[in-house]
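I have placed the structure first, in the form of structure tokens, so that the comments after it can refer back to it.
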There are 2 protein chains.
Amino acid sequence: MTVPESFANATSGPSCQVPEAAPTPGEPIDDETLAKVAKALGNPTRIKIIRLLLAQHTCMTGELVAQLPLAQSTISEHLRLLREAQLIQGEIEGPRTSYCVNQRILTAFKRAVADL
Amino acid sequence: MTVPESFANATSGPSCQVPEAAPTPGEPIDDETLAKVAKALGNPTRIKIIRLLLAQHTCMTGELVAQLPLAQSTISEHLRLLREAQLIQGEIEGPRTSYCVNQRILTAFKRAVADL
DNA sequence: ACGATAGATCGTGTATCGACGATAGTCGTT
DNA sequence: AACGACTATCGTCGATACACGATCTATCGT
């Protein structure tokens, strides 16, 4: 394989640019997706990761590993779960990967929660 | 035992009154709690349960069982998880139990999510 | 006191999570 | 071509989720 399998969804374009403008009116998400995203956020470490990504706009895996008291493989696993829930996007940059929050999904999630 | 164990938190007062007024400015919740609540919402069935409770203000377990395609024991289990996350409160009424959403927690959760 | 009913809990099986160390793949550098 | 840095994946483990049927408990009518 050329690309690490589950990275098929990794956009190759400049998807991690500053997300300042996220004016997405956003299509509402169904309960299935809502639950999926909620589940992804259902772990303190993953919430911290999201916070870090939001604070720094973008982050290499290594930076996250450095800022969290967990093994590299564990962080990578959390990133995988967040990726599967579409909450973050990874962009391969040379030998490393930079992650950013998928504002589209996060916004849709916020909306769905607010509308509960 | 007189009370079903994990019901120690079941308020005996009229806690399930119409939650119209939920003006709680609400103390912010920490990431631990946020994750806990998110996890509790991380299942489509539990989201449906919350929706049903919100729509009907209050609900007997039996009504929920009737409206969901799952065994009674399974619903009861989901209710337990929601209870543990403080998202709902159960009030024992004679031989049955009526549940309602804990607006305080739900509001705090909405706030925390919106503030992400 | 008895039986019916509602609902919580128990016991089981399967699946997924969360953590880790070890391994492997990819790229830039030497 | 080989090396080192960076990450994803694998394999494993214990713990927890999820679903079910069976059981237990508590309450209400009679």
Side-chain angles (χ1 to χ4, degrees), chain A residues 1-10 12 32 35-49 53 58-85 88-100, chain B residues 1-10 12 31-32 35-49 53 58-85 87-100:
Chain A
M1 68 182 89
T2 51
V3 163
E5 189 63 66
S6 77
F7 259 85
N9 53 345
S12 42
E32 207 74 33
K36 196 168 175 167
V37 176
K39 186 174 185 177
L41 287 175
N43 174 286
T45 297
R46 289 198 288 275
I47 289 192
K48 286 192 189 69
I49 289 177
L53 289 181
T58 182
C59 234
M60 305 292 183
T61 303
E63 304 179 61
L64 296 171
V65 172
Q67 297 181 68
L68 295 167
L70 293 170
Q72 176 266 322
S73 58
T74 303
I75 301 294
S76 190
E77 176 74 357
H78 282 303
L79 290 172
R80 185 181 66 79
L81 291 172
L82 289 170
R83 228 189 297 143
E84 280 180 4
I88 65 174
Q89 289 172 307
E91 189 177 353
I92 299 175
E93 286 184 2
R96 61 201 78 180
T97 310
S98 79
Y99 281 100
C100 68
Chain B
M1 68 184 85
T2 52
V3 164
E5 189 63 66
S6 76
F7 259 84
N9 52 344
S12 44
D31 282 1
E32 207 72 35
K36 196 167 177 168
V37 176
K39 185 175 187 177
L41 287 175
N43 175 286
T45 298
R46 288 197 290 273
I47 290 192
K48 286 192 189 69
I49 290 177
L53 290 181
T58 181
C59 237
M60 305 292 184
T61 303
E63 304 180 62
L64 296 171
V65 172
Q67 297 180 68
L68 294 168
L70 292 170
Q72 176 265 322
S73 57
T74 304
I75 301 295
S76 190
E77 175 74 357
H78 282 303
L79 290 173
R80 185 183 64 80
L81 291 172
L82 289 170
R83 229 188 298 144
E84 280 180 5
L87 256 172
I88 65 174
Q89 290 172 305
E91 189 178 352
I92 299 174
E93 286 184 0
R96 59 202 77 180
T97 312
S98 79
Y99 282 100
C100 68

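Quick note on labels: first sequence line is chain A, next is B, and so on, each numbered from 1.
When each of A/Gly94 and A/Glu77 is assigned the nucleotide of DNA chain C bearing its nearest heavy atom, the one mapping closer to the 5' terminus is A/Glu77. Between B/Thr45 and A/Gly62, it is A/Gly62 whose nearest contact on DNA chain D lies nearer the 5' terminus.
In the set C/dC17, D/dA8, D/dC20, D/dC20 carries the atom at the smallest distance from any side-chain atom of B/Ser73. Out of C/dA19, D/dC18, C/dG7, the shortest distance to the side chain of B/Thr97 is found at C/dG7. Checking C/dC17, C/dA19, D/dT7 against every side-chain atom of A/Lys39, the shortest atom distance belongs to C/dC17. Each of C/dA6, D/dT7, C/dA8 was ranked by its minimum atom distance to the side chain of B/Thr61; first place goes to C/dA8. With D/dT7, C/dA6, C/dA19 as the candidates, the nucleotide lying closest to the side chain of A/Arg96 is D/dT7. Here D/dA8 is the nucleotide among D/dC18, C/dG7, D/dA8 with the atom lying nearest to any side-chain atom of A/Gln72. The side chain of A/Pro95 approaches C/dT26 more closely than any other nucleotide in the set C/dA19, C/dT26, C/dA8. The side chain of B/Ala71 lies closest to D/dG21, out of C/dG18, D/dG21, D/dA19. Of the candidates C/dA6, D/dA19, C/dT9, the closest approach to any side-chain atom of B/Thr74 belongs to D/dA19.
Regarding contacts with the backbone of C/dA8, a side-chain N or O of B/Tyr99 is found under 4.0 angstrom from either OP1 or OP2. Side-chain N/O atoms of B/Arg80 include none lying less than 4.0 angstrom from OP1 or OP2 on C/dG7. For B/His78, no side-chain nitrogen or oxygen approaches OP1 or OP2 of D/dA17 to under 4.0 Å. Phosphate contact (OP1/OP2 of C/dC17, side-chain N/O of A/Asn43, threshold under 4.0 Å): absent.
Here the side chain of B/Thr58 pairs a donor or acceptor atom with the backbone of B/Tyr99 at under 3.5 angstrom.
Contact record, B/Ala85 with B/Ala40: CB-CB, 3.5 Å, taken as the closest heavy-atom pair. When all heavy atoms of A/Glu93 and A/Ser98 are compared, the closest pair comes out as OE2-OG, 3.5 Å.
Residue-level contact check: B/Ile75 touches neither bases nor backbone, having no heavy atom under 4.0 Å from any strand.
Across every strand in view, C/dG13 sits in a pair with D/dC18 that passes the Watson-Crick or G-U test at under 3.5 angstrom.
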How far apart are the C-alpha atoms of A/Lys36 and A/Glu32, what are their side-chain angles, what is the distance that settles it, and do they pass the side-chain contact (heavy atoms from CB on, under 4.5 Å) test?
CA-CA 6 Å; A/Lys36 196 168 175 167; A/Glu32 207 74 33; over 6 Å; no
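Residues B/Leu79 and B/Leu64 have side chains in contact (heavy-atom distance under 4.5 Å, counting atoms from C-beta outward).
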